[in-house]
Peer 1: 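Quick one: the structure is below, questions incoming.
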Amino acid sequence: FIHLKAKVHYGGEEEEEDDDVALRLGGEEKKTTKELLSSKKKKAEFVFSKTKRIREDFGLQIFGVDLPEVLASEEKASSFGSALRRALDRFGLVHFPNNFGKKKDDRGGRQISAKELVALHALLDHDKGKAPNSYHKGMCRLWREGIPQVNLLANKAARAYSAALKDDGEPCLTNTVYGMETYAWHADEASRPNDLAVRYTAFHAAMVVNNNSHGETHFASAVGAWDRLDPEVKRRAAQIDVQYLANPKSKDAFLPPLDVAGKRDSLLLADGVAKVASEEAADFVARLVDACRAHRTCDLHSSPLVVPHPRTGRPAVHLDVKQQVGFAGLLNFTDAQRFLVDLLRPVTDDGAIYHHRWRIGDVVVADNYHVLHTAAPGDAFNDNPRLIERVCVPGGYTPTRVDLW
């Protein structure tokens with residue numbers, strides 16, 4: 001067992017432990033905290049000395065970590081990265097409140113820079129060799145600043161900031177929302193071909209109105225969605241592949257024909273767990289698939305609905321509700337949507353999710369094989385600036401089927 005709150009200073013001095021926060025990794029023999037610490041004194045371990053669970057089933061707040069200071073030290077960053085990965089394995093979601101750093105922006109918040117956010121994400125598991133042209137093209141990115149890993153989730157009120165930024169030929173338009181204006185549960189980039197799926201996503205609140213209920217992000221347990229199923233439904237779910245359409249040039253979500261594009265969001269259920277199980281929705285998807293097959297810039301591909309976590313092996317639901325066009329083979333479109341409702345609704349109702357109200361400078365890291373999330377735009381979503389910097393470099397793990405036997 002590795003105790004996340006076992007305190008160790010860089011001299012190896014042990015202070016305290018908290019047996020309540022522990023996890024098992026890879027069949028490792030159970031050891032006491034003292035045994036673990038004494039066996040690793042030669043390599044300094046990072047300390048999360050003050051933590052708070054967000055929910056019983058997932059999520060951890062970590063206080064008192066000065067991220068810019070930690071990231072500036074190669075030794076500290078390495079040990080911090082190991083501790084952060086262990087925390088994400090156990091809790092799926094980590095929130096560093098905006099109480100770190102020494103640099104204040106002109107709005108009075110405490111901020112890390114976009115480059116520091118990239119450095120934070122680089123401590124996690126992903127394909128560091130992925131070329132920038134493999135990044136999602138349908139996003140406003142910081143190409144001009146030399147950090148295309150960062151894309152901006154900007155609402156219309158943040159246009160004064162985003163207007164000055166351009167990528168390679170695709171400007172960050174001043175009257176465009178970058179990021180979802182719809183409520184739809186997903187794991188980031190789950191709709192892209194499997195070699196471009198994203199392990200972790202790091203978010204930074206660069207411009208927000210503190211505690212604004214109209215600009216929340218909601219999180220739900222992807223492993224909980226699996227754990228609650230009875231054995232027969234698990235057997236069925238483990239055989240399902242979710243279908244998506246993608247542009248093979250940039251491997252982004254397929255741009256549908258104009259006559260059907262506007263219906264994509266309107267066919268989502270209000271709680272974001274599926275699309276409407278209707279003839280109209282089925283016809284819409286059939287037209288998309290036909291258009292994709294007839295178009296040289298579209299690929300129809302699939303990915304497992306349930307995948308084992310790459311480090312812990314725990315099965316988790318992994319999909320993008322908005323981008324999916326049904327299941328491959330087993331169920332027709334309407335039955336697939338009904339299956340998703342039964343699968344996701346119990347873990348995404350209001351009492352089962354975490355509502356994150358952003359504060360300026362917040363950093364949140366999500367494990368896309370442990371939690372699902374969605375933007376939660378309220379009626380006044382575009383009234384005040386909301387700019388979230390996001391890093392989700394592709395690669396690091398190719399989703400595979402969960403093995404039940």
Side-chain angles (χ1 to χ4, degrees), residues 136 138-139 153 155-156 176-193 214 216-220 222 225 237 240-247 251-295 297-305 317-350 353 372-379 381-382:
H136 196 301
M139 294 287 179
L153 305 179
N155 70 354
K156 293 178 181 178
T176 300
V177 174
Y178 290 92
M180 292 167 57
E181 279 192 288
T182 49
Y183 198 85
W185 291 97
H186 64 283
D188 272 338
E189 313 292 8
S191 63
R192 304 182 78 193
H214 293 276
E216 295 179 347
T217 300
H218 293 176
F219 295 89
I240 290 175
D241 286 335
V242 185
Q243 286 192 313
Y244 303 99
L245 309 177
N247 179 339
K251 302 295 178 68
D252 296 338
F254 173 57
L255 180 64
L258 292 177
D259 62 337
V260 293
K263 292 184 179 180
R264 180 168 56 184
D265 291 356
S266 65
L267 293 179
L268 282 165
L269 295 178
D271 61 357
V273 299
K275 292 176 179 174
V276 178
S278 68
E279 291 184 6
E280 179 188 15
D283 176 68
F284 158 76
V285 167
R287 292 171 66 191
L288 275 183
V289 172
D290 288 344
C292 178
R293 287 172 172 161
H295 208 289
T297 61
C298 182
D299 283 340
L300 179 66
H301 68 97
S302 60
S303 182
L305 172 64
V317 173
H318 185 256
L319 86 161
D320 185 325
V321 169
K322 180 179 178 179
Q323 302 293 350
Q324 55 87 20
V325 292
F327 298 162
L330 288 179
L331 299 171
N332 61 33
F333 176 81
T334 54
D335 287 340
Q337 304 314 302
R338 294 187 183 107
F339 186 91
L340 288 178
V341 169
D342 293 339
L343 178 68
L344 295 178
R345 188 160 283 167
V347 294
T348 59
D349 66 24
D350 197 58
I353 64 178
L372 301 170
H373 68 276
T374 179
D379 294 338
F381 178 68
N382 284 304

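Any value given below was found using the heavy atoms of this structure, including those in side chains, with hydrogens, waters and symmetry copies removed.
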Peer 1: Given 3.5 Å as the limit, does a donor-acceptor pair link the side chain of Gln324 with the main chain of Val321, or not?
Peer 2: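 Looks like yes, one N/O pair under 3.5 Å.
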Peer 1: Supply the atom-to-atom distance Ile353 CD1 to His373 NE2, rounded to the nearest 0.5 angstrom.
Peer 2: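 Output value for this atom pair is 13.0 Å.
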Peer 1: Between Gln337 (side chain only) and Lys275 (backbone N and O only), is there a donor and an acceptor less than 3.5 Å apart?
Peer 2: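 It does hold such a pair.
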Peer 1: Quick one: does Trp185's side chain have a donor or acceptor within less than 3.5 Å of a partner on Leu319's backbone?
Peer 2: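 Checked: no pair found.
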Peer 1: So, Asp335 and Arg338, do they make that salt bridge, N to O below 4.0 Å?
Peer 2: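 Yes, Asp335 and Arg338 are salt-bridged.
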Peer 1: Using 30° and 60° as the class limits, which term best fits the ring planes of Phe339 and Phe327: parallel, tilted or perpendicular?
Peer 2: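 The rings of Phe339 and Phe327 stand perpendicular, inter-plane angle above 60°.
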Peer 1: Can you tell me how far the CG atom of Asp350 sits from the CG atom of Asp271, to the nearest 0.5 Å?
Peer 2: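 Rounded to the nearest 0.5 Å, the CG-CG separation comes out at 11.0 Å.
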Peer 1: Which pair of non-hydrogen atoms, one from Ala225 and one from Val317, has the smallest distance, and what is that distance?
Peer 2: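 Reported closest heavy-atom pair: CB-CG2, 3.7 Å.
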Peer 1: Looking only at heavy atoms, what is the nearest atom pair of Gln323 and Ser191, with distance?
Peer 2: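 Heavy atoms of Gln323 and Ser191 come nearest at CB-CB, 3.6 Å.
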Peer 1: Sub-3.5 Å donor-acceptor pair from the side chain of His186 to the main-chain atoms of Ala184, do we have one?
Peer 2: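 Yes, the answer is positive, given that a donor and an acceptor are paired below the 3.5 Å cut-off.
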Peer 1: To the nearest 0.5 angstrom, please state how far the CD1 atom of Ile240 sits from the CG atom of Leu331.
Peer 2: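 It is 5.5 Å, given to the nearest 0.5 Å.
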Peer 1: May I ask you to decide if Tyr183's main-chain N or O and Lys322's side chain share a donor-acceptor pair within less than 3.5 Å?
Peer 2: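 No; judged by distance alone, with no hydrogens or angles, the pair does not exist.
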Peer 1: I'd like to know if the side chain of Ser302 reaches the main chain of Gln243, judged simply by a donor and an acceptor atom lying under 3.5 Å from each other, with no hydrogens or angles considered.
Peer 2: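 Such a contact is absent between Ser302 side chain and Gln243 backbone.
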Peer 1: Starting at CG of Asp299, measure out to CG of Leu245 and round the result to the nearest 0.5 Å.
Peer 2: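 One gets 9.5 Å once the value is rounded to the nearest 0.5 Å.
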Peer 1: To the nearest 0.5 Å, tell me how far Leu305 CG sits from Leu343 CG.
Peer 2: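 It is 6.0 Å, given to the nearest 0.5 Å.
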